[in-house]
Each structure stands twice: as structure tokens, then as C-alpha cells.
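Working notes, beginning with the structure itself.
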Amino acid sequence: MSQTIAVLKGDGIGPEIMEATLSVLDALDCGLQYEFVDAGLTAQEKHGQPMPADTIAAIRKHRIALKGPLTTPIGSGIASLNVQLRREFDLYANVRPAISFPGTRSRYDNIDLITVRENTEGAYLSEGQSLSEDGETAVSSIRVTRQGSARIVRHAFELAHQRNRKKVTAVHKANIIKTSSGLFLDVAREVAKEYPDIEFQEMIVDNACMQLVMNPHQFDVIVTTNLFGDILSDLCAGLIGGLGLAPGANIGTEAAIFEAVHGSAPDIAGQKLANPCALLLAAADMLDHLGMVEKGTRIRRTIRTVLETARDRVTPDMGGTGTTDTFAEALVTHLHDR
């Protein structure tokens, strides 16, 4: 049975890495159909708005989207497009794997951990924002709910169970922020009791940052609130060589959007220098979500093989001398050979 997904090519390098990613998906014969829709600067230029109603409707219809990096147009009143999508579809879970690959410029090997970040509340709601008349004092409140905390922690434990992970670490600052972070921690402890087969650990966020740098292999699945998750997931990407290898999944009950979490890199757009790995790995996570786990695994395995055996085909940021296109072609060739 075929599955149609909404495809947002994105801005800057987005169309290049999306073309590479779709060529790999086609080589896998996944039975996917694509509805291409616009967002970001491309949509602003074509439709006069960065997030057209047709784009929202396509994601709502198909419930699955693959998204390249978007640029939010600069202008008064235009909010982050990524935040807009999360709120529109209540994409409460942001899942960011960090997995080591060969040939990367990183300080560690054999990293394999997942950050599960609450995506819809916390500090990023920016509620109650105010600036005093004299410009000397700014205020913004943090809202954390029991329901929001419970569903993100439960998502982390369910993910750990599905992927045979052994430990979930709840990261917090309840020692100082006793209300919002304290509520999150209390709920995490309650939910953890439902999963006695999975080790539960709690860690203060500043210590978690230090421990990730000193010994990242002690972590398995990390679950935390919005702001802490944003920071920690980028830290984890740094452990494996940077955002070029960092996919992201935004999961809700009505839709799921899979993306490369890096920016649109307009400075290299059109030069075929962009590394497609982050979007390819996001596509692999999308296949897992759609129940095509074997095909998702093949993408990850093929990326690893090409990085090990075809250095002349991979992009310069990965230490190669190839292009976006030659990287994709090498992946497709390897898939066909198997």
C-alpha cells in the first residue's frame, strides 16, 4: 500500500539535500508518493506568505511530512516557522538521535543516544513577556503542565521500550526552579514507576552538560523540558561531529514532521557542497515511524558503508572530495548492488 507524504524542500540548500534524500528513498522502493508544498522564503516569494494554508492542509491530510531547512522571513510579526508547525499540529515530542558515524571530526566514537525534548510548552511559550518602560527589566514566564510533562516522559519510556534501550535520564533544574522544573521532575518519577524494566535516572541540567562532555556513553535516552532539550540536543550533535549528522522528528498524535535540524546555509546554496546526511537520517526515522524499520536501517547502514569505503564521493565537511550529488549517487549505487 502506498503512502503519500508532504514534502517541504525548504530554503537555501534545502532543495539540494531533499533531491538527494528522495533519490535514496526511491531506490529503496518504499512505495512513497510525494506532494510538494512550499514554506519559508520560497513560499513568501511565490504566495506572499511563508506558511500557506495549502501547506498546512497537505500536512494535515497526509499526517507525515519530510522537511528541509526553512528560513523565517525577517519582518515584524512573523514567528518562527518551525514553532508555528509545532503549535499547529501539537507536535509535542522532539526526538533527536545522536549516533557516531565513521570519518567524522568528533572527539568520541560509538555514541548512540537519544534526546527527547518537550516541544510545545516551557520557556519557549514566552508567556507574560514584558519590558519595563525604562528598558531595564524584562520578564517572561515559564509554563509547564502535568499533562505535557507526563506525555513527553511517557513518550521517552515508550521509545526506550520499542528500541530496547536500558535507561532513561530525566534532566531538570528542580533544585532551583522548584515550581516548573519541580513539577516536571515529580511527574517523571511517577511515570517511571510504570516502566520497572527500564532504569530511571534524574540529573540536574548543569551536571548533565558536564557528564555528557566527560562521559557521554553513560547516557541512553534523555528526556527533558523545551529549553533544556534544545540546548542538550545540540550539545549531543557536537559529540558526533555537528548538526550535519543530526536528524529531528517532531511527533504528535495527529501528525509527524521529520527534518534536518541544521539551517538553510544560503552561503553554499547551489554549490552542491551540502551534506545530505541529516535529512537522510530524518527520512530513516520517518520510515521507522511508518513501520518500515528494515528500510530505515538500510539507510543508516548504507551511509556508514559509503563513509567508510567511498571517501571521494562524500562531501567536504565529512572529509571527502565529492558533492551532494555524488554522495547520493554512491548511496543509491550501494543500495542497488544489495
Say you draw a straight line from [atom1] of [X] to [atom2] of [Y]; how long is it, rounded to the nearest 0.5 Å?
X: R313; Y: L331; atom1: CZ; atom2: CG; value: 9.5 Å
X: Q162; Y: E158; atom1: CD; atom2: CD; value: 6.0 Å
X: R143; Y: L125; atom1: CZ; atom2: CG; value: 5.0 Å
X: I204; Y: L185; atom1: CD1; atom2: CG; value: 9.0 Å
X: R60; Y: E254; atom1: CZ; atom2: CD; value: 8.5 Å
X: F327; Y: L307; atom1: CZ; atom2: CG; value: 4.5 Å

Criterion side chain to side chain contact (heavy atoms under 4.5 Å, CB included) on L25 and L66, from CA distance to verdict: CA-CA 12 Å; L25 288 174; L66 185 62; 4.2 Å; yes
Side chains of D134 and S132, donor plus acceptor under 3.5 Å: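 Checked: D134/S132 side chains pair up, N/O donor to acceptor below 3.5 Å.
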Polar contact flag, side-chain donor to acceptor under 3.5 angstrom, T42-D11: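 Checked: T42/D11 side chains pair up, N/O donor to acceptor below 3.5 Å.
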Please identify each residue that fulfils side chain to side chain donor-acceptor pair (under 3.5 Å) with [X], with sequence neighbours left out.
X: E118; value: T120
X: S106; value: T104
X: D285; value: R300

T315/D317 under side-chain hydrogen bond (donor to acceptor under 3.5 Å, both in side chains): CA gap, chis, key distance, verdict: CA-CA 6 Å; T315 48; D317 66 301; 2.7 Å; yes
Donor-acceptor pair, [X] side chain versus [Y] backbone, under 3.5 Å?
X: T55; Y: M51; answer: no
X: N94; Y: N119; answer: no
X: N226; Y: E121; answer: yes
X: S181; Y: K178; answer: no
X: T324; Y: I17; answer: no
X: E16; Y: G270; answer: yes
X: K295; Y: C30; answer: no
X: K67; Y: N82; answer: no
X: S264; Y: G12; answer: no

Reference residue D38; test side chain to side chain donor-acceptor pair (under 3.5 Å); the match among K9, Q49, H47: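 Only match with D38 under side chain to side chain donor-acceptor pair (under 3.5 Å): H47.
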Derivation and outcome, side-chain hydrogen bond (donor to acceptor under 3.5 Å, both in side chains), residues T323 and D325: CA-CA 5 Å; T323 66; D325 291 345; 5.1 Å; no
Aromatic plane relationship, Y195 with F157 - under 30° parallel, 30 to 60° tilted, over 60° perpendicular: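 Aromatic pair F157/Y195 classed parallel.
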Pair R165-D112, salt bridge (Lys or Arg N to Asp or Glu O under 4.0 Å): steps then yes or no: CA-CA 10 Å; R165 300 281 180 155; D112 185 1; 2.7 Å; yes
Joint hydrophobic cluster, V153 plus I177, side-chain heavy atoms closer than 4.5 Å: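 No, V153 and I177 fall in different hydrophobic clusters.
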Which pair of non-hydrogen atoms, one from [X] and one from [Y], has the smallest distance, and what is that distance?
X: G296; Y: D288; value: CA-OD1, 3.9 Å
X: T115; Y: C236; value: OG1-SG, 3.8 Å
X: C277; Y: L245; value: CB-CD2, 3.7 Å

R96 and D234 ion-paired at < 4.0 Å: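 Looking at R96 and D234, the cut-off is met.
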Evaluation steps, side chain to side chain contact (heavy atoms under 4.5 Å, CB included), between F101 and I99: CA-CA 7 Å; F101 283 88; I99 302 171; 4.2 Å; yes
For I5, the option from M286, R63, E35 that meets side-chain contact (heavy atoms from CB on, under 4.5 Å):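 Of all the options given, the one that passes is M286.
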Of V293, L32, T297, the residue whose pairing with L287 passes side-chain contact (heavy atoms from CB on, under 4.5 Å):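 Among the candidates, only L32 passes.
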H217 atom NE2, neighbour heavy-atom count above 12 within 6.0 Å: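 Yes, enclosed.
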Crowding at CD, Q147 (>12 non-hydrogen neighbours, <6.0 Å):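 No, CD of Q147 has 12 or fewer neighbouring heavy atoms, counting only those of other groups under 6.0 Å.
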Trace of the salt bridge (Lys or Arg N to Asp or Glu O under 4.0 Å) decision for K173 with D206: CA-CA 8 Å; K173 192 64 177 174; D206 38 336; 3.3 Å; yes
Would you mind reporting whether [Y] and [X] have side-chain heavy atoms less than 4.5 Å apart?
X: F36; Y: L22; answer: yes
X: L131; Y: T137; answer: no
X: V306; Y: R304; answer: no

Steps toward side chain to side chain contact (heavy atoms under 4.5 Å, CB included) verdict (N207, M210): CA-CA 5 Å; N207 183 38; M210 182 182 71; 3.4 Å; yes
Pair E259-L8, side chain to side chain contact (heavy atoms under 4.5 Å, CB included): steps then yes or no: CA-CA 9 Å; E259 64 183 353; L8 292 70; over 6 Å; no
Trace of the side-chain hydrogen bond (donor to acceptor under 3.5 Å, both in side chains) decision for Q201 with T169: CA-CA 5 Å; Q201 179 185 36; T169 302; 2.8 Å; yes
